[in-house]
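All values reported here derive from a predicted model rather than from experimental measurement. A note on names: the letters A, B, ... follow the listed sequences, proteins ahead of strands, and every chain is numbered from 1.
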Amino acid sequence: MGLGRLFTSHPVAARVVSLGLFFLVWEIAGRVPISYAFPTFLDTFYAFGAMLLDGSLFVAYGSTLQPLIIGIVISAVVGVGLGIVMGLSRKAEWLVAPLFIVLQSAPMAALIPLITFVYGIGLLAKTLAVIMLALPVIVLNGYKAVRNANPSLVAMCRSFQGTRMQQITKIIIPDASPVIFAGLRLGLAAGFIGVILAELLITPTGIGDLITYHRSVANYAEMYAAVVSIILVSTLTLAALEAFEIRVLRPEKKRG
Amino acid sequence: MTAPSASILGVPHAESDIAVEVRSICKYYSEVEALRMIDLDFPRGKLTTLLGPSGCGKTTLLKIIAGLVEPTSGEVRVNGKAVTGPGPERAFVFQDFALMPWATVMRNVAFGLELKGMGKAERQSIARHYISEVGLTGFEEKYPHELSGGMRQRVGLARAFAVDAEVLLLDEPFSAVDEQNRRKFQEDLLQLVEKERKTFIFVTHSIEEAVYVSDRIVLLSRRPSRVAQIIEPKIDRTASPDAIRRDQGYLDTVEEIWQGLKHYVD
Amino acid sequence: MTAPSASILGVPHAESDIAVEVRSICKYYSEVEALRMIDLDFPRGKLTTLLGPSGCGKTTLLKIIAGLVEPTSGEVRVNGKAVTGPGPERAFVFQDFALMPWATVMRNVAFGLELKGMGKAERQSIARHYISEVGLTGFEEKYPHELSGGMRQRVGLARAFAVDAEVLLLDEPFSAVDEQNRRKFQEDLLQLVEKERKTFIFVTHSIEEAVYVSDRIVLLSRRPSRVAQIIEPKIDRTASPDAIRRDQGYLDTVEEIWQGLKHYVD
Amino acid sequence: MTLYGYRVPMMASLLVWCLVWELVGQSGLMFLVPPLSSVLVAGVAMVQTGTWQSAAWVTLHSFVIGMALAIVVGISLGVLMGRFRAVDELFSIWVNIFVSAPLSALVPVLMILFGIGETTVIVTVFLFAVWIIVLDTRAGIQHVPSSLIEMGRCYGASPFALYGKIVLLAALPEILAGIRLGLVRGVKGVVIGQLLVAIIGYGELFELYSRSFDMENFWALTIILFAAAMLMSAAIEYIEKKVDYYAGVR
Amino acid sequence: AKVRVAFGDIPSVESLHLLTAFERAKEKGVDIEVTYLKSEDIAAQAVVGGQADIGVGGPYALVQKVKAPIRMFMQLSTLRFYPAVNGEFYKTWKDLNGQEVAVHSRGSGTEAIMKLMEQRQGIKFSKISYIPGAEVRTGALLQGNVKATIVDSSGRRLLETQAPGKFIILPLEGVNATDEALFANTNFLEKNAQDVDKIVEAILSTWREVTANPAVVSEWRAKYKLLPDLPAAQVNDIGPYFEELAKGKAFPLNGGGAAAAKDDFAFYTLSGQLTGEPASLKVEDFWDTRPLDRVLAKIGTM
Ligand SMILES: Nc1ncnc2c1ncn2[C@@H]1O[C@H](COP(=O)(O)OP(=O)(O)OP(=O)(O)O)[C@@H](O)[C@H]1O
Ligand SMILES: Nc1ncnc2c1ncn2[C@@H]1O[C@H](COP(=O)(O)OP(=O)(O)OP(=O)(O)O)[C@@H](O)[C@H]1O
Ligand SMILES: O=[N+]([O-])[O-]
Ligand SMILES: [Mg+2]
Ligand SMILES: [Mg+2]
């Protein structure tokens, strides 16, 4: 419990200790080595540095992030719109919600290889993979958020003779925005999975190519660096999005 | 120090004196009969309390008057005009405050005016007046989560005052406020009633609170709810709060109501 | 109809009459000083109430007595033996009832006995006795969510009675119960105190409630909390509830405490 | 939705979508989309083949083992994190990273640690499912009303009784929700594991049918998989409802 | 002990002869367990990592790079690929100058072939894109999503049946490099010489039989219950597929060995998989020819 107290007073300490322990175990496992194909942490770290310096990481991320961003933007616009419509209209809910419930809990990964047959291997195919995985969760979150907007706030707005439009723009959407935003974050996480799957399964480009290529030529340190980098990038992106959400969407949470 | 006079339902008042008339209201929630043939008059400028056992339909009746809930049959008239929905002459104060968490106290108080399309400067000056009236000057730029329960309810009250409705509908406004603050708030409310000269319709669970603040108390029976009794506590409101609370009339009225409600309690 | 006598802290009682002794208790929550040098005696067979402003440390003190919280310094003795943790001679009644939602009334009431390893038949017959004592016969197989707040608290009380502890610790047991049920419950509690002859230590926010149910009221000051005053309302408990509530001694005591606490309220 | 006064269950709209599928399929616009009817016919034939049965068996086997591990580890770690600050601080950064990280990128390196073939698939299922179970269990444990725990202590509960009779039961709704979400992720994991590393079971069939453009069988495979995922999640949801009923107002 | 084989593809018509050979080795008492992996490089990784004993693939680059002592010990096939272009757009190699082509993956044999042809034809592709799976590339070609790519023999036949005359197969000469070989850790080869010999012998005899009589593959499929639920269309494909390969002498009847290694050095240095002068590369750094030598001594060369 002494450790617990240290961590409580210094939350950063916990993370540093936790990360440090992990890297140490990795380094040791790599030195044993548990496998010829398992690089040490330091090798991986150097490989990461080298890939940064020779620019291959930047090129790869350029190719990976482009479809991701396009796909997320499309999913966000379509998904939030559709979610709000479903939240407001029982008929739309009835027709569309079950479809997305199925898509959300289904292993869409199985369908990704099909994309190539119709949409080839270009940007379009990767963007589509992102949308396939990201859209359902964004739609469903938007829909649930709107459907569950605080009824007492809605009644308050009605009692002050707010119009339906005012109700939607001034109460329902602001009230739903944190959940909608959480949906966008989940959608982004799913989008990362989608673009990686597309690059691993159908079109080895970007970061997926770095992984497969370095594996095929046995540059395991580079391969691991690529894998770690994508996890790092997605984690940091999601954290940044969350920080943005708190700062911009919910001023009241900033101080409290 | 006079004894309370229990007047029987339907005692006629001078027409212009009645702000709100409730006529033959019945309300079913699918199979559940919540209200059965409610007929009531709410005199202008008075505070009338609806009191009754839990789940008897007090909130339902208040929302029907507010135009937020449709009655199954019957009609509500405000100033002689039938109610078809929420209207500018009525304002609701919600039990859970219904404050927008993303908006400051200022924006919350001015919200009714914002919905009406009033310009920012004008509505803020009105809001500022009522914020000061409920004693929250200095808190304009705070967010609801930075306030205590009692302060939040004051914001809800100021918002209702700001739209300058004649009839204020309050659904258990103090139930989320702790005991000692609640007592303070009751005293403040009496002053506001005095000052604002509006028609208040008030729902509470607390007998003492009802007797302490009301001009008239409507006792509702268990579901399906009907008007069981109407009591007009004759209490000298000019006396100090302390004196009121040990007024024999006050104590008798509390006791009378308690005896009437006791058998509803499980 | 006698005036309350405010006895000063430390008036000695006959040794065997003291069920719980609190000696020089201090409590810090890291930097926050919650309690400062509390010395108190709780007489056997009486109901003593802890009253004080919100956040002053009433719950903390009660939990220290229960052995749930460690004091920073000082000691609690029950029947002369120092407390080191929870013990079978003390039972706690929780503000939020602390009922297991997945268990029936019967299992909840018998839970303390179940933990002691008592056989099913035996513990159920004991539980049935106390379920009837709190007036819940017929509800044995119901789940907590099927009961009203007042009924749930009765389950919590029956559970505490069932383990046959001498000292019952009640932390705002009625605050989650609605006004009217609460009133009923206060009357029932007085009967149970009478019947069970246990030592009750009771925490409440409500002055009326404190005065109505207590043999002794300990007023705590604002944090860091100390004993501000000890009041022994001299009220004739054999009178009817109505009579008690309009007893002048009762009203004077309420007023005296209210004046004392008023300046703590915002 | 209500139609002429009748409540039409929500999932009924899937029938509308099935009809749309059939029409698109009949029109022959996209070779990827054969008519639903012919997919169903192919599906009936497919499930009778030994290949499908053994693929389903292999898949189910990996899935069940991976899920069982994820549930055991997830609940244990979740309980530890919920109860002990140090454990929580030590693991929370990893749990929070992995619960939303693109684990598919990690799958290719897993086999170095865990072997090839079924093991990797099992580990993939485990990795996809475990984090959400940890997080939900932890939340459940942390949200056990402290008064319930104090109640247990007051009445002399041993630590064992405290967990067995109070804490785990009180956290059950959250734990079940975690398991339901974990199941959904686990199904994704089994497919991704079988597609990305070891081409066995269902993954092998997906690859086989899509390579040979056998769209009827491909979609039949997909429908069965989707239905299985939905059914499992619905089953847990049903249990959750029952538990919620007993848990009442928490 | 169990011999764990990592195979970087799904079992299909094209691997029926290899599956048969494994069955025969099992009959000889070698306990073979095959795992089907997503791709060749995962299979290679499995062998490097000690998760598998024998891998299937062409791991020249890997052997040159990795510290693990991996050696090939028998060639299974040579590259049999067909550069295919959409006749509407291209007719000859020269037309591909400045155009985009699609190959299997970075570092694959298909890429090596296309790079080789770039050099030989004196052209430059604008871009090489990667589409794993010959079937997928064939489909993409048929769908019009790519205009120039390289397919395998069943892809070529599919193109010819689905859209006769629409696609042109560009000429490809003098490419005879290893496509797939068996490889393993030297340690494994050392300790399990008997099992390895049995496997090599089973494969060589199978390869010789199938070359002599391609039709026998269908019988083997029935005998060993291989791929029981193969769709009818693919069953019909078995005959022509092996017929064509046998005619083209695609099955290395002597298991490759040093001669094959020399060819590969030339090809893969040219295509960039291997670095260094072909002449300076040593066969023993890449191959362990002893199992093959022993078996060939026993059953004779052809
Ligand atoms: N939207 C609704 N749908 C169905 N039944 C409802 C609805 N709202 C209220 N009821 C039922 O109608 C009855 C009256 O409810 P109402 O909320 O008006 O009572 P109340 O007197 O305000 O209760 P409380 O004192 O607990 O606030 C209750 O039995 C309740 O269950
Ligand atoms: N576990 C804790 N950690 C830190 N501070 C605490 C803890 N528990 C209570 N406190 C602080 O100690 C003080 C006393 O708390 P306590 O709950 O005992 O007050 P109380 O009199 O019961 O209040 P209330 O009337 O609101 O129930 C408060 O300021 C509170 O913030
Ligand atoms: O199928 N997936 O959502 O990863
Ligand atoms: Mg109500
Ligand atoms: Mg407290």
Side-chain angles (χ1 to χ4, degrees), chain A residues 76 80 83-84 87-90 94 141-185 241-256, chain B residues 59 62-70 83-105 107-118 123 141-147 152 155-156 159-165 167-172 176:
Chain A
V80 171
I84 290 176
L88 293 174
S89 148
R90 289 274 170 197
W94 179 83
N141 264 59
Y143 144 71
K144 284 181 196 148
V146 170
R147 172 74 66 234
N148 297 328
N150 187 345
S152 135
L153 284 181
V154 174
M156 185 276 288
C157 184
R158 280 181 58 211
S159 82
F160 289 109
Q161 303 103 53
T163 61
R164 179 71 173 150
M165 206 54 214
Q166 286 177 320
Q167 209 180 84
I168 293 169
T169 55
K170 287 182 187 277
I171 300 287
I172 293 180
I173 290 176
D175 195 44
S177 64
V179 179
I180 292 176
F181 214 81
L184 287 180
R185 249 189 301 128
L241 204 59
E242 194 172 358
F244 170 84
E245 172 190 352
I246 289 174
R247 187 144 307 177
V248 175
L249 280 179
R250 280 288 150 112
E252 81 274 7
K253 286 220 180 106
K254 228 184 335 188
R255 286 183 237 166
Chain B
T59 299
L62 206 64
K63 288 199 171 157
I64 289 174
I65 296 174
L68 291 170
V69 166
E70 285 263 310
V83 160
T84 55
E89 73 290 348
R90 284 156 290 145
F92 205 98
V93 178
F94 293 83
Q95 176 171 9
D96 63 356
F97 317 139
L99 302 183
M100 299 175 294
W102 58 87
T104 58
V105 166
R107 177 146 185 243
N108 267 296
V109 171
F111 190 67
L113 305 171
E114 179 182 338
L115 288 179
K116 287 189 177 145
M118 186 184 285
R123 68 179 190 245
E141 295 311 313
K142 297 267 186 248
Y143 287 91
H145 76 279
E146 300 172 286
L147 308 178
R152 284 183 221 180
V155 177
R159 178 174 59 192
F161 285 144
V163 294
D164 198 29
V167 180
L168 286 173
L169 306 162
L170 297 87
D171 188 10
E172 302 197 41

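Closest of all the heavy-atom pairs between B/L99 and A/L153 is O-CD2, 3.5 Å. The minimum heavy-atom distance between A/I171 and B/M100, with the atom names listed, is CD1-SD, 3.6 Å. Scanning all heavy atoms of the two residues, the minimum distance from B/A91 to A/F160 falls at CB-CE2, 4.4 Å. Counting all heavy atoms, side chain and backbone alike, A/Q166 lies closest to B/L115 at NE2-O, 2.8 Å.
Using a 4.5 Å cut-off between heavy atoms, B/F111 contacts chain A through its side chain alone, with no backbone atom that close. With a 4.5 angstrom heavy-atom cutoff, B/R159 touches chain A via backbone and side-chain atoms both. Looking at B/L113, neither its backbone nor its side chain comes within 4.5 Å of chain A, counting heavy atoms on both sides. Contacts between B/E114 and chain A at a heavy-atom distance below 4.5 Å involve backbone atoms as well as side-chain atoms.
When atom types are taken as modelled, the side chain of A/R158 and the backbone of B/P86 share no donor-acceptor pair closer than 3.5 angstrom.
The most heavy-atom pairs under 4.5 Å with chain A, out of B/A160, B/P88, B/G112, come from B/P88. If you tally non-hydrogen atom pairs under 4.5 Å between each of B/G87, B/A66, B/G67, B/G85 and chain A, the highest count goes to B/G87.
Between A/S177 and B/W102, every side-chain heavy-atom pair lies at or beyond the 4.5 Å cut-off.
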